[in-house]
Amino acid sequence: MGFRVKITGGKDVEFNEGIVTGVNFISDTPENCNARSTDLSVIMKLQGRINFSLGAEVEDSTVELANWALMPSDQANCYRNVEVKVINGGQVVRQYTYPNAFVMDYTEDLNDEEGVGTWTLLLKQKKDLTDKVELKGNFELS
Amino acid sequence: MALAFSTADPEITLEEESARKIIFKVEVPPDSRARTKDVGVTLTLIGKIMADTAQLGNAADSTAKIMEWSVVPAEKKEAYRSVTVKVKSGGITTRQYELPNAFIVDYHEDFESADGIGEFTLVLQQMKNKLADVKVTGGFSE
């Protein structure tokens, strides 16, 4: 199972199977409701590695995630377009597109044992634009 | 033991191979001094997300339709669906849960690069003013 992530709208970055290690799609409404709530959040959690490039041959794009997370909310490109693909056996099992995603949480973990670092990115689609989220599943990889 | 999940209008069917675990829970407030009217019925379903690699582009399961249901806004009629879950064991339906007005409280999809398949968690509740319509039956043959 491989993951490809494309973030556009600021400095465009792309991550492939070698970087992304986990994808979580979360559709969340309050637990204490009597009926279906209008308070719907569409969340995405991404996890990956920070592969320090030998001799700085390849640019480490994960640093752009940290820059995005630090961006104040008065700037237009704190909202970005995020496309996540889950690929298995030549098939796109899932394709999630959040056109106005913002960072809720971003963590980088580095230690002296593993050799690579890890990052965790928690994103949410801007709530008034939740209906712009595009969810697709099970089509052939082109 | 095998689990089968289905909804009516629009129809979604998950066969035995994709459903993994079911939790049926009747909740009452723990601080009540006598029997309360505030009863909640929650059904949690955990299952697999698979790709059909033999037939590219075809889904091995209907989980993509549950994903679409999870973002249906509360104003729409389709936010409420009739859900049936059957637990089959030795040719007998040992349990059949029917929630005629179920809505999604939470829906998660989890993917790890180390796993070959994904996992979903679906949390459903019966509309609280229609609790009397919930049916739990069992011990009959097909």
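Letters go in sequence order (proteins before strands), and every chain restarts at 1. This is a predicted model, so every value here is computed, not measured.
A 6.0 Å sphere centred on CD of B:E11 holds no more than 12 heavy atoms belonging to other residues, nucleotides or ligands. Other residues, nucleotides and ligands contribute at most 12 non-hydrogen atoms within 6.0 Å of the NZ atom of B:K65. By the 6.0 Å contact criterion, NZ on A:K127 is enclosed, its count of non-hydrogen atoms from other residues, nucleotides or ligands being greater than 12. Around NZ of A:K6, the count of heavy atoms belonging to other residues, nucleotides or ligands within 6.0 Å does not exceed 12.
Taking A:C33, A:S27, A:G22, A:P30 one by one and counting their heavy-atom pairs under 4.5 Å with chain B, the maximum is reached by A:S27. Of the residues considered (A:V133, A:D131, A:V86), A:V86 shows the highest number of contacts with chain B, using heavy-atom pairs under 4.5 Å. Heavy-atom pairs under 4.5 Å with chain A peak, among B:G40, B:G118, B:A64, at B:A64. Interface remark: of the candidates A:N34, A:I26, A:T38, A:N34 forms the most heavy-atom pairs closer than 4.5 Å to chain B. When the candidates B:K130, B:E75, B:M127, B:M67 are compared by the number of heavy-atom contacts under 4.5 Å with chain A, B:M67 comes out ahead. Contact count against chain A (heavy-atom pairs under 4.5 Å) is highest for B:I117 among B:N129, B:T121, B:V123, B:I117.
Hydrophobic clustering (side-chain heavy atoms under 4.5 Å, transitive across Ile, Leu, Val, Met, Phe, Trp, Tyr) keeps A:V63 apart from A:I7. Hydrophobic clustering, with ILVMFWY side chains joined whenever heavy atoms are under 4.5 angstrom apart, keeps A:F102 apart from A:L65. Linking Ile, Leu, Val, Met, Phe, Trp and Tyr whenever their side-chain heavy atoms come within less than 4.5 Å puts B:V83 and B:V39 in one cluster. At a threshold of 4.5 Å between side-chain heavy atoms, the hydrophobic network of Ile, Leu, Val, Met, Phe, Trp and Tyr places B:I92 and B:I22 in two separate groups. The same ILVMFWY cluster, assembled from side-chain heavy atoms under 4.5 Å apart, contains both A:Y106 and A:V84.
In this structure, the portion of B:D115 lying under 4.5 Å from any heavy atom of chain A is its backbone and not its side chain. With a 4.5 angstrom heavy-atom cutoff, A:V42 touches chain B only via side-chain atoms. Of the atoms belonging to A:K45, not a single heavy atom falls under 4.5 Å from chain B. Only the side chain of B:Q125 comes within contact range of chain A, with at least one heavy atom under 4.5 Å from a heavy atom of that chain. If you measure heavy-atom distances from B:T63 to chain A, the contacts under 4.5 Å come from both the backbone and the side chain. Only the side chain of B:F103 comes within less than 4.5 Å of a heavy atom in chain A; its backbone stays farther off. Heavy atoms of A:T130 lying under 4.5 Å from chain B are absent altogether. For A:L40, the part sitting under 4.5 Å from any heavy atom of chain B is the side chain, from C-beta outward, and nothing else. Residue A:Q47 touches chain B through its side chain alone, counting heavy-atom pairs closer than 4.5 Å. For B:F120, no part lies under 4.5 angstrom from a heavy atom of chain A. Proximity to chain A is absent for every atom of B:E119, based on heavy atoms less than 4.5 angstrom apart.
How far CZ of A:R36 is from CZ of B:R81: 9.5 Å, rounded to the nearest 0.5 Å. To the nearest 0.5 angstrom, B:S113 atom OG is 12.0 Å from A:I19 atom CD1. From A:T21, atom OG1 reaches atom CD of B:E112 across 6.5 Å, with rounding to the nearest 0.5 Å.
Of all heavy-atom pairs between B:A74 and A:S37, the closest is CB-O, 3.7 Å. Smallest separation of non-hydrogen atoms from B:V105 and A:T29: O-OG1, 2.6 Å.
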Give the C-alpha distance, both sets of side-chain angles, the deciding distance and a yes or no for side chain to side chain contact (heavy atoms under 4.5 Å, CB included) between B:M50 and A:N88.
CA-CA 9 Å; B:M50 295 177 289; A:N88 195 11; over 6 Å; no
For A:F25 and B:F111, run side chain to side chain contact (heavy atoms under 4.5 Å, CB included): C-alpha distance rounded to whole Å, both residues' side-chain angles, the deciding distance at 0.1 Å, then the answer.
CA-CA 9 Å; A:F25 165 79; B:F111 297 95; 5.8 Å; no
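Between B:D106 and A:E31 there is a side-chain heavy-atom pair separated by less than 4.5 Å.
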